[in-house]
Amino acid sequence: MAGGMRGGRKLKAVIPGGSSAPVLPGDVMMGLTMDYDAIAKAGSMLGSGAVIVMDDTRCMVKSLLRLSYFYFEESCGQCTPCREGTGWLWRVVDRIEHRKGRQEDLDLLNSVAENIQGRTICALGDAAALPVKSFVKHFRSEFQHHIDHKQCVVQEYV
Ligand code: SF4
């Protein structure tokens, strides 16, 4: 599709429906048809239809950091779970990315995301929580590597 992966790289992950849609691993995505039902069954959504494709040079911690910062900046601050939670999500991912991650941070990310999801006035709260939960679920070992070794796993094979 679309000429394949740039430079012959390996497909690592796809966000099929814009930044608020849960990320799916590349091998899962390649087993799906690009329709609403198949994507939903795999745990994501077509959402805005803005497909984000990531190859094996992408660090998933850094990618989530970029997304988390976006939602932190976009929060209008009207409701507490989003106003406080998006800041928490961004700060926790930021410290994992910058070699200060703690073992309890992975559960903390899930806990904060759970406490945002479904508890806000508009959809931005869910949009901030869903990427975090899916990144940690599907790429937990990469986050764990950052915490354990204080470095990015991607650097080891690029
Ligand atoms: S969920 Fe919506 S209304 Fe609530 S703080 Fe976030 S952006 Fe504002």
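As the structure is a prediction and not an experimental result, all values here were calculated from the model. Both ligands and their constituent atoms are indexed starting at 1 by order of listing. Computation of the quantities below employed the complete heavy-atom set of this structure, encompassing side-chain atoms and omitting hydrogens, waters and symmetry-equivalent molecules.
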### Query
Listed by chain and number, what are the side-chain hydrogen bond (donor to acceptor under 3.5 Å, both in side chains) partners of S68, not counting sequence neighbours?
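S68 satisfies side-chain hydrogen bond (donor to acceptor under 3.5 Å, both in side chains) with no other residue.
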### Task
Applying side-chain hydrogen bond (donor to acceptor under 3.5 Å, both in side chains), name anything that partners Q144, two or more places apart in sequence or on another chain.
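Counting only residues at least two positions away or on another chain, Q144 forms a side-chain hydrogen bond (donor to acceptor under 3.5 Å, both in side chains) with Q103, D148.
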### Task
Would you check if there is a donor-acceptor pair between the side chains of T80 and R83 at a distance under 3.5 Å?
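Distance-only check passes for R83 and T80.
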### Task
Report the residues that fulfil salt bridge (charged side-chain N to carboxylate O under 4.0 Å, His left out) with E74, sequence neighbours left out, ordered by chain and then residue number.
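E74 satisfies salt bridge (charged side-chain N to carboxylate O under 4.0 Å, His left out) with no residue once adjacent residues are dropped.
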### Query
Got more than 12 heavy atoms from elsewhere within 6.0 Å of NZ, K150?
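Atom NZ in K150 is crowded, with more than 12 foreign heavy atoms closer than 6.0 Å.
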### Task
Report whether M60 and V53 are members of the same hydrophobic cluster (ILVMFWY, side-chain heavy atoms less than 4.5 Å apart, transitive linking).
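No, M60 and V53 fall in different hydrophobic clusters.
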### Message
Taking 2.8 Å as the distance threshold, tell me the number of protein N/O/S atoms next to atom 4 (Fe) of ligand 1.
### Response
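Under the 2.8 Å cut-off, the count stands at 1.
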